[in-house]
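Counting starts at 1 for both ligands and their atoms, in listed order.
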Amino acid sequence: MERLDVVEVILTAETYNDSPELDEDDLPPRFRKAAWNGERSIDRPLTVTEGFVEEVYGEEGAWESIQDLPFTDRDSVDGTLRFTVSELARDWYADTVDEERLARNPALAYEFGDEFGVDYDEVVAENQPKEADAEWVHSLVDEVLGEGEEAEEMLELVEIFAPGEIEQGLDDIVLTDEQEKEVQKVMKAIEHRDYLREVGLSEIGKLLFVGPPGTGKTSTAKALSGRLELPFIEVKLSMITSQYLGETSKNVDKVFELAKMLSPCILFIDEFDSIAKTRDSDEHAALKRTVNTLLKSIDDISLVRDSVLLIGATNHPKMLDYAAWRRFDEIVEFPAPNEEMRAQILRIITRDVDIEGFDAHELAEETEGLTGSDLRLVLREAVLDALTNDRTELTHQDLVRAVGNFEKRKNLKELDMMEGSSPINGEEGHDHDHPTEAHEG
Ligand SMILES: Nc1ncnc2c1ncn2[C@@H]1O[C@H](COP(=O)(O)OP(=O)(O)O)[C@@H](O)[C@H]1O
Ligand SMILES: [Mg+2]
């Protein structure tokens, strides 16, 4: 561990402790990660122990690295690290740090910014807000849901991600120009929601993503949450509508309540078409109630008012009725990727794989009709096949072969579909997103 790393943590804590005007948002996210106390706040005074510093950096040897400095001390009982002469520590820090590093630490920019020409307000604006921390999001969820059976039931319906937990970025997803425009639009709308409120445009911020399985709907919604640093609440509507009937209306209510508590956030309702399914069939009155509750909740939530961005997704737009359609102000189409997009997707997903003679364009020509998710599966097959032969370097030919196998399997699936299973089974045949809930039988 670097001396400067350790000194920075102690000095940051000192500054935070001595300056009541600073709050959690003045701490860099990885400091906060180690400092959250489980109740969505950070203790003041914040004590820095050796273990704390090691948690911040994920490395050992905090004390060893600073024990030679003349102004440092460790409490041999509880491992607390502190400065014996603060002035010396501050001078050493100011002599050692550079602007770039200072600009990543709001608390210290507050203290030392003037000396370095680093603007505190800009540093704060660049710092990830506390609402994006996994610890913050999940302890809020615990707080809202409480404990026990009911909470567990809820957590079967929704999955919650903090922005920091989302791995795939927008840059990893190949979007059409139209999708790109919609993404820009919604980012602007979120940024300027106060203005939109002022001018009375509150009916903005409900998107419906429409397209075949595996075309990037879920990934795009999630990546938006990462980019906007907003928590992501994912609901699979089929789970809600198939749940024990007496409870469902209540659970729909709770999902929206949770979204409002977590706001600003993204509420992603997947499998939106399952609403339509339930409406057509001669089902229970309770189920109808659930659907009505859902539609009403959607009406009642607003990006401008509640800071909740609602995104619905469906693989089966034909099954949606007008009542559901009209609730969304933007419909974003996710088509199967064309050749150029396939080439780009292939380039992205093969980025970290060694492939001799790889030609994305040629492979794109060979993969007409495949979605991004299909292409991923093809790559996975090729990688696994190569591993079976003890190879970690692939060839272009491996991929071509994997495409062939994929097409063969797909044809088998379609054959099966013609022999009588419902069209939905067939269409979702290559939706490998949710393998556990394949609509078999
Ligand atoms: N346009 C695309 N660009 C990059 N990757 C894609 C694209 N479409 C799909 N994928 C990949 O396929 C996988 C499944 O996509 P997903 O977002 O779950 O599709 P959907 O929600 O539309 O069924 C993801 O891992 C994603 O990275
Ligand atoms: Mg999906």
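Judged as a ring-ring contact (aromatic ring centres under 6.0 Å, His included), and not counting sequence neighbours, the contacts of Phe328 are Phe272.
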What's the verdict on salt bridge (charged side-chain N to carboxylate O under 4.0 Å, His left out) for Arg197 and Asp194, showing C-alpha distance, side-chain angles and the deciding distance? CA-CA 5 Å; Arg197 189 181 308 127; Asp194 289 340; 3.2 Å; yes
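When each of Arg30, His138, Gln128, Arg40 is tested with Asp133 by the rule side chain to side chain donor-acceptor pair (under 3.5 Å), just one qualifies, namely Gln128.
At least one donor-acceptor pair under 3.5 Å links the side chain of Asn127 to the backbone N or O of Leu27.
Polar contact check, Pro213 against ligand 1: no nitrogen or oxygen pair lies under 3.5 Å apart. The shortest N or O to N or O distance between Gly214 and ligand 1 is under 3.5 Å. Residue contacts with ligand 1: Asn315 is placed with no nitrogen or oxygen under 3.5 Å of a nitrogen or oxygen of the ligand (distance criterion only). Note: no N/O pair closer than 3.5 Å links Thr220 and ligand 1 by distance alone.
Residues Asp142 and Ser139 have side chains that never bring a donor and an acceptor to within less than 3.5 angstrom of each other. Donor-acceptor pairing under 3.5 Å is lacking for the side chains of Thr392 and Asp354. Counted by atom type alone, Tyr16 and Asp23 present zero donor-acceptor pairs between their side chains at under 3.5 Å.
Nearest heavy atom pair, residue Ala360 against residue Leu346, reads O-CD1, 3.9 Å. Heavy-atom minimum distance, Val378 versus Leu399: CG1-O, 4.1 Å.
Those atoms of ligand 1 with a heavy atom of Thr218 less than 4.0 angstrom away are 17 (O), 18 (O), 20 (P), 21 (O). Within ligand 1, counting atoms from 1 as listed, the ones closer than 4.0 Å to a heavy atom of Ser219 are 15 (O), 16 (P), 17 (O), 24 (C), 26 (C), 27 (O). Each of the atoms 8 (N), 9 (C), 19 (O), 20 (P), 22 (O) of ligand 1 lies under 4.0 Å from some heavy atom of Thr215. Each of the atoms 2 (C), 3 (N), 4 (C) of ligand 1 lies under 4.0 Å from some heavy atom of Ile173.
A cation-pi contact, defined as under 6.0 Å to the ring centre and within 45° of the axis, links Lys222 to Phe161.
No part of Gln344 comes within 4.0 Å of ligand 1, judged by heavy-atom distances. No part of Ile348 comes within 4.0 Å of ligand 1, judged by heavy-atom distances. Here Arg376 has side-chain heavy atoms under 4.0 Å from ligand 1, and that is the only part of it that gets that close.
Contact annotation: Asp172 has at least one heavy atom less than 4.0 Å from an atom of ligand 1. Within the 4.0 Å heavy-atom cutoff, Ile345 counts among the residues contacting ligand 1. By the 4.0 Å heavy-atom criterion, Pro337 is excluded from the residues contacting ligand 1.
When the heavy-atom distances from atom 12 (O) of ligand 1 to Gly216, Gly211, Ser373 are ranked, the shortest goes to Ser373.
Metal site remark for the Mg ion (ligand 2): Asn315 contributes no N, O or S atom at a distance under 2.8 Å.
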